[in-house]
Amino acid sequence: MISRIDLRGDTLPEGGDLRDLLPRAEFDVEAALEKVRPLCEDVRHRGTAALIDAAEKFDGVTLERVRVPEKALIDALEALDPAVRAALEESIRRARLVHRAQRRSSHTTQVVPGGTVTEKWVPVGRVGLYAPGGRSVYPSSVIMNVVPAQEAGVESIALASPAQKEFGGLPHPTILAACALLGIDEVYTAGGASAVAMFAYGTPGPDGCAPANMVTGPGNIWVAAAKRYFTGRIGIDAEAGPTEIAVLADATADPVHVAADLISQAEHDPLAAAVLVTDSAELADAVEKELEPQVAATKHIEDRVVPALSGRQSAIVLVDSVEDGLRVVDAYGAEHLEIQTADAAAVAARVRNAGAIFVGPYAPVSLGDYCAGSNHVLPTGGCACHSSGLSVQSFLRGIHIVDYSEEALAEVAHHVVTLAEAEDLPAHGAALKARFAWKVPGK
């Protein structure tokens, strides 16, 4: 069901050579760009009409309007299962605790007497959030995107989610209920690349959508391609690829837990990656044996779980030691990394590359997906070596405010002129000379 990669016995290669030995899903965003281009440009030229046509083509529904009526949000919340509502409210509460602590305050540094640089943090003005609606419904993703944007102080937040035929062409009611719980009343029935284009270009009319400064939220390859298409016009969080879990484990790990955690991510998508890195052949055997009954007992077996576990993106990787395992998981840069070893906290502290790290047997990835308080919008495809997950910081811009007195400028002006002339930019230096009757101290 799951392949093995044996890296024991030899010195592990460095950098890219090690990454090339590890499993990874194929996710060719560049190839998808040409397919999303006409969809995006159709929205640019025809606005809401293009969104309605896209819903009919891709979702099989005929829409009269794209903006979701406020009553539909209220009705969805009133009809929500009380247990689901309680779980969503607890998820929101915990996410707010963590993200509120991420707020940043302005800081002023006195560089010299009379010369200061202040860094102030300003939220983006308007954000478009995307909530997928394909194989599964993700109200948790609504929470993970809305909460940090709200805690950052974003004043205008809109959300889009695909039309659902079984719900009269509206987005899934649990998505709508989550929006209502979070106070988001600007919601659109729009999916995929067309939704990203709606936020990027805006659509005119009484039910139209104003352009956004930034678009965040998970999605399929078409959403990722649309984000790439609009990079430079709008800010994005990431080009999210298929979900990933890597588990670094030794002989102390429980194979029942490890198998369950691998399956928990495999059920997302046939391209989902499930990777176990271990120095214990006995654990590898036990996990492989444990996968069979657990897979047989779960849902989405043939369309997601089995293709994910048996695909080229998933494997059990055998190494000589936990030390080597650390090198492997750092090279892999997993979206989600579980550490199930002896002294797991100390091992986790040494990890450099991961979207989020889950320490020990009682911090499974599923906890982070819903109720840990952490954010589950995380870098995929090895991007954890240079990128972070979604946070309050994602929605803030740092702006430097430079305030120098005449005396402070005069004291450093000769250095500015010298550097300007060294770069053959004499007008830069002239801007200083103009302030001192062409006589710069020290020149």
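- Proximity of I401 to K120: side-chain heavy atoms (C-beta onward) are separated by under 4.5 Å at one or more points.
- The local environment of CD in E90 is crowded, with over 12 non-hydrogen atoms from other residues, nucleotides or ligands closer than 6.0 Å.
- Nearest heavy-atom pair, A32 versus I221, reported as atom, atom and distance to 0.1 Å: CB-CG1, 4.1 Å.
- Salt-bridge check for R228 with E30: passed, with a basic side-chain N closer than 4.0 Å to an acidic carboxylate O.
- Paired with V347 under the rule side-chain contact (heavy atoms from CB on, under 4.5 Å), one option of D250, L248, V359 passes, and it is L248.
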One pair to check against salt bridge (Lys or Arg N to Asp or Glu O under 4.0 Å): R65 and D207. What are the steps and the verdict? CA-CA 8 Å; R65 59 187 297 188; D207 283 337; 3.5 Å; yes
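- Residues that satisfy the side-chain hydrogen bond (donor to acceptor under 3.5 Å, both in side chains) test with D59, not counting sequence neighbours, are absent from this structure.
- Taking every heavy atom of both residues into account, L390 and M144 meet most closely at CD2-O, 3.5 Å.
- Residues satisfying the ring pair (Phe, Tyr, Trp, His ring centres under 6.0 Å) criterion with F230, sequence neighbours excluded, are Y201.
- Contact check for M214 versus I236: no side-chain heavy atoms found under the 4.5 Å cut-off.
- For the atom pair OG1 of T278 and CG of L283, the computed distance is 4.5 Å after rounding to the nearest 0.5 Å.
- Atom CD of E70 has 12 or fewer neighbouring heavy atoms from other residues, nucleotides or ligands inside a 6.0 Å radius.
- Under the 4.5 Å side-chain criterion, counting only non-hydrogen atoms from C-beta, I339 is in contact with I357.
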Show the numbers, then the answer: is there a side chain to side chain donor-acceptor pair (under 3.5 Å) between E41 and Y229? CA-CA 11 Å; E41 291 308 300; Y229 183 70; 2.7 Å; yes
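- A salt bridge does not link R126 with E155: every distance from a Lys NZ or Arg NE/NH1/NH2 to an Asp or Glu carboxylate oxygen is 4.0 Å or more.
- Separation of atoms CG (L271) and OG (S314) is listed at 9.5 Å; rounding is to 0.5 Å.
- Between E288 and M1 there is no side-chain heavy-atom pair separated by less than 4.5 Å.
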Would Q150 and I184 satisfy side chain to side chain contact (heavy atoms under 4.5 Å, CB included), going step by step from the backbone distance to the final call? CA-CA 10 Å; Q150 288 178 332; I184 303 300; 3.8 Å; yes
Between E119 and T109, is the side chain to side chain contact (heavy atoms under 4.5 Å, CB included) condition met? List the steps. CA-CA 9 Å; E119 184 172 46; T109 301; over 6 Å; no
For T118 and H107, what are the C-alpha separation, side-chain angles and deciding distance, and is it a side chain to side chain donor-acceptor pair (under 3.5 Å)? CA-CA 6 Å; T118 298; H107 179 78; over 6 Å; no
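- The main-chain N or O of K227 is found under 3.5 Å from a side-chain atom of T231 such that the two form a donor-acceptor pair.
- Heavy-atom minimum distance, P123 versus A152: CB-O, 3.4 Å.
- With sequence neighbours excluded, no residue forms a side-chain hydrogen bond (donor to acceptor under 3.5 Å, both in side chains) with E56.
- Of the possible donor and acceptor atoms, none in the side chain of R304 sits under 3.5 Å from a partner among the backbone N and O of K299.
- Atom CD of E64 has 12 or fewer neighbouring heavy atoms from other residues, nucleotides or ligands inside a 6.0 Å radius.
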Chi angles and distances behind the side chain to side chain contact (heavy atoms under 4.5 Å, CB included) call for C179, V142: CA-CA 7 Å; C179 289; V142 177; 4.2 Å; yes
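- Both the sub-6.0 Å distance and the 45° axial angle are satisfied by R24 relative to the ring of Y332.
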List the steps, then state whether side chain to side chain donor-acceptor pair (under 3.5 Å) holds for T116 with Q110. CA-CA 4 Å; T116 63; Q110 181 173 302; over 6 Å; no
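- At a threshold of 4.0 Å, the pair E78-K71 does not count as salt-bridged, since none of the basic side-chain nitrogens sits closer than that to a carboxylate oxygen.
- Side-chain contact between F358 and L337: absent, with no pair of heavy atoms (C-beta onward) separated by less than 4.5 Å.
- With salt bridges taken as basic N to acidic carboxylate O contacts below 4.0 Å, none links E89 and R93.
- Side-chain atoms of D330 come within 3.5 Å of backbone N or O of R352 as a donor-acceptor pair.
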What's the verdict on side chain to side chain contact (heavy atoms under 4.5 Å, CB included) for V317 and L276, showing C-alpha distance, side-chain angles and the deciding distance? CA-CA 6 Å; V317 181; L276 167 62; over 6 Å; no
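- Of all the heavy atoms in S156 and E186, the pair that sits closest is OG-OE1, 4.4 Å.
- Not one N or O on the side chain of N353 forms a donor-acceptor pair closer than 3.5 Å with the backbone of G333.
- In terms of modelled atom types and a separation under 3.5 Å, the side chain of S264 and the main chain of D261 share a donor-acceptor contact.
- Across all their heavy atoms, L21 and I5 have their closest contact at O-CD1, 3.5 Å.
- Between the D279 side chain and the V319 main chain, no donor and acceptor come within less than 3.5 Å of each other.
- Not one N or O on the side chain of E244 forms a donor-acceptor pair closer than 3.5 Å with the backbone of Q313.
- Checked by atom type and distance alone, the side chain of T216 never pairs as donor or acceptor with a backbone atom of D237 at under 3.5 Å.
- Looking at I143 and L182, their side chains come closer than 4.5 Å, going by heavy atoms from C-beta outward.
- With hydrogens and angles ignored, the 3.5 Å screen pairs no side-chain donor or acceptor of D17 with any backbone N or O of P13.
- Proximity of Q340 to V258: side-chain heavy atoms (C-beta onward) are separated by under 4.5 Å at one or more points.
- For the atom pair CZ (R327) and CG (L12), the distance works out to 4.5 Å, reported to the nearest 0.5 Å.
- A distance of 11.0 Å separates SG in C40 from CZ in R233, rounded to the nearest 0.5 Å.
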Determine whether Y138 and H268 satisfy the following criterion, side chain to side chain donor-acceptor pair (under 3.5 Å), listing intermediate values before the conclusion. CA-CA 11 Å; Y138 294 104; H268 274 290; 3.2 Å; yes
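- In this structure, R67 and T189 have side chains that are not in contact, with every pair of non-hydrogen atoms separated by 4.5 Å or more.
- Atom CZ of R312 is surrounded by 12 or fewer heavy atoms from other residues, nucleotides or ligands within 6.0 Å.
- Taking CG from L396 and CD from Q102, the interatomic distance works out to 9.5 Å, rounded to the nearest 0.5 Å.
- When the shell of 6.0 Å around CD of E26 is examined, it contains 12 or fewer heavy atoms from other residues, nucleotides or ligands.
- A donor-acceptor contact shorter than 3.5 Å is absent between the side chain of R397 and the backbone of W121.
- In this structure, P173 and A76 approach most closely via the heavy-atom pair O-CB, 3.4 Å.
- Rounded to the nearest 0.5 Å, atoms CD1 (I245) and NE2 (H336) are 8.0 Å apart.
- Atom OH of Y370 has 12 or fewer neighbouring heavy atoms from other residues, nucleotides or ligands inside a 6.0 Å radius.
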